[in-house]
There are 2 protein chains.
Amino acid sequence: MSASDITFPTKLGFVLIAHAQAQPRTAYALRKLFETTPVGRFSSSPGSIYPALKKLEAAGLTATKDGLVHATAKGRQALRAWLCEPVTLAEVGRELEITLLRFAFLDLVDDAMLTMRFLTSFRAAVSEQLKQLIAFLQSEGAASMSWHGKLAVESGRIAYEAQLHWADHAISRLKKNAQSKR
Amino acid sequence: MSASDITFPTKLGFVLIAHAQAQPRTAYALRKLFETTPVGRFSSSPGSIYPALKKLEAAGLTATKDGLVHATAKGRQALRAWLCEPVTLAEVGRELEITLLRFAFLDLVDDAMLTMRFLTSFRAAVSEQLKQLIAFLQSEGAASMSWHGKLAVESGRIAYEAQLHWADHAISRLKKNAQSKR
DNA sequence: CCAACCATGTAAGCTGTTACATGATTGA
DNA sequence: TCAATCATGTAACAGCTTACATGGTTGG
């Protein structure tokens, strides 16, 4: 893989850039973050973190000074682009944790409008997933399902409903924030 | 990899065995299941399914007769062992979808006691995750977090709470089922 | 001085996924 | 007949993870 690979960095890479941008840390301290914080369940094992950091540095997205890893301008820009990507149906469907990580890091950008755009696209995606799940529950496919199967799908439904409420809550909170700042 | 690999099959493999056990199907029909059902978001692409089926057959876990894939005794036994594994903290933390898939397929075993055992271990695992998350929210680590970060963790909290309610609901439903069967 | 943690890595492999290819069948 | 769907694959690789290795430092 070349440093100019358009799909670089990986998710783990973005998370590392974000942590480094939030506060420059030693490689070891970055690694420890994955053990102590509950968000973004990547392995904290050295075999995960160190190679990832090496690739980031080779690509010029991070740099190390006095043992501290920090994000370069290029790294910050790449991170920002990633954070600002709209939330898709597929992402909330199979990578919800990543979506929420992106939201968490969005405060590094510190732009209420971007945050609002993120939240509305998040809400729309969750809402659509929920709609499709309900449609499935009412289709013939679900009729033939066992008691267990229906309950399992039900679990997905309540999960999406909870996220929908969360999104509404976050949106109204953001609006209040904006008002109080004025 | 040898056919006697102790960690075989993979998750995708187990899902395929389960579908085949529930109803023998052609490889193509199995593949299509991943497009049409919302549970267990594996890729439906041929590059995923066909190699997986081939490995299962090589390991003697499935067999094809008249074009229909069905689970062998060995396959059913392996599946049962997988389904009966207790739910761990790690599993609900990063593979909740898989956990719920396991629950859904548990009806193939058709043993109310095993289902109950599964649900209670599920409930315990979710409850513990929730406890840890709340502990984190009240720790010094969370105090330094941004508005965004706290909200993101909050989203995890409500997700676990929803699963906890689901577990309670499923457990009481199972008890009712048992009563009405007597 | 010995265990435990700090700190950094490499090698191998697992689990899938994407992209590509191919021929048969069928319906409009 | 021409597109769409059926049906089955291979090759390459992405994105981790686990297991292993290796030395330094520090506290009891």
Side-chain angles (χ1 to χ4, degrees), chain A residues 1-17 19-20 24-36 40-59 61-62 64 66-69 78 82 88 90-91 93-95 97-98 101, chain B residues 1-17 19-20 24-36 40-59 61-62 64 66-69 78 82 88 90-91 93-95 97-98 101:
Chain A
M1 171 189 310
S2 91
S4 63
D5 191 317
I6 49 158
T7 65
F8 194 76
T10 68
K11 279 150 209 164
L12 174 57
F14 281 121
V15 173
L16 286 168
I17 296 174
H19 279 309
R25 289 173 164 95
T26 66
Y28 184 75
L30 283 170
R31 184 160 97 67
K32 284 289 144 178
L33 275 182
F34 290 86
E35 271 171 16
T36 55
R41 308 161 169 296
F42 292 95
S43 165
S44 67
S45 87
S48 291
I49 311 299
Y50 292 109
L53 283 173
K54 232 180 173 179
K55 282 199 342 194
L56 289 176
E57 192 135 359
L61 298 162
T62 60
T64 308
D66 305 325
L68 298 180
V69 181
W82 183 62
T88 65
E91 192 187 12
R94 35 203 299 184
E95 301 185 304
E97 292 247 328
I98 299 289
L101 257 183
Chain B
M1 169 190 310
S2 90
S4 62
D5 192 317
I6 49 158
T7 66
F8 194 76
T10 69
K11 279 149 208 166
L12 174 57
F14 281 121
V15 173
L16 286 168
I17 296 174
H19 279 310
R25 291 172 162 94
T26 66
Y28 184 75
L30 282 170
R31 184 160 97 68
K32 283 290 144 181
L33 275 181
F34 291 86
E35 270 171 17
T36 56
R41 313 164 165 291
F42 291 95
S43 164
S44 67
S45 87
S48 291
I49 310 299
Y50 291 109
L53 283 173
K54 234 181 172 179
K55 281 194 349 190
L56 289 176
E57 193 134 357
L61 298 162
T62 60
T64 308
D66 306 324
L68 298 179
V69 180
W82 183 63
T88 66
E91 191 186 13
R94 38 202 299 183
E95 302 185 302
E97 292 247 327
I98 299 288
L101 256 184

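Every value quoted in this text rests on a predicted model; they were computed, and no experiment measured them. Computed from heavy atoms alone, side chains included, the values below leave out hydrogens, waters and symmetry copies. Chain identifiers are assigned alphabetically (A, B, ...) following the order of the sequence lines, protein sequences preceding nucleic acid strands; residue numbering begins at 1 within each chain.
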How many whole angstroms separate atom [atom1] of [X] from atom [atom2] of [N]?
| X | N | atom1 | atom2 | answer |
| --- | --- | --- | --- | --- |
| B:Ile98 | C:dC14 | CD1 | P | 18 Å |
| A:Lys55 | D:dC13 | NZ | P | 13 Å |
| A:Glu97 | D:dG15 | CD | P | 18 Å |
| A:Leu12 | D:dC16 | CG | P | 6 Å |
| B:Leu53 | C:dG16 | CG | P | 13 Å |

**Q.** Estimated bend of the helix from C:dC1-D:dG28 to C:dA28-D:dT1 (axis per five terminal pairs, rounded to 10 degrees)
**A.** 20°
Q. Parallel, tilted or perpendicular: which describes the rings of A:Phe42 and A:Phe34, with under 30° parallel and over 60° perpendicular?
A. perpendicular
Quick check: closest heavy atoms across [X] and [Y], and the distance to 0.1 Å?
| X | Y | result |
| --- | --- | --- |
| B:Ser44 | B:Arg31 | O-NH1, 2.8 Å |
| B:Leu53 | B:Leu30 | CD2-CD1, 4.0 Å |
| B:Leu12 | B:Ser48 | CD2-O, 3.9 Å |

Q.
So B:Arg94, base contact, sugar-phosphate only, or nothing? Heavy-atom distance under 4.0 Å.
A. sugar-phosphate
Q: Give a yes or no answer on whether the side chain of B:Arg25 reaches the backbone of B:Ala20 with a donor-acceptor pair at less than 3.5 Å.
A: no
Q) Checking B:Glu57 side chain against B:Thr64 main chain: does a donor-acceptor pair fall under 3.5 Å? A) yes
(Q) It should be established whether B:Thr10 places a side-chain nitrogen or oxygen under 4.0 Å from OP1 or OP2 of nucleotide C:dG16. (A) yes
Q | Strand-adjacent residues in residues 44-52 of chain B, judged by heavy atoms under 4.0 Å from DNA chain C | A | B:Ser45, B:Gly47, B:Ser48
Protein-nucleotides 3-6 of chain C N/O pairs closer than 3.5 Å?
residue	atom	partner	partner atom	Å
C:dC6	OP2	A:Tyr28	OH	2.5
C:dC6	O5'	A:Tyr28	OH	3.2

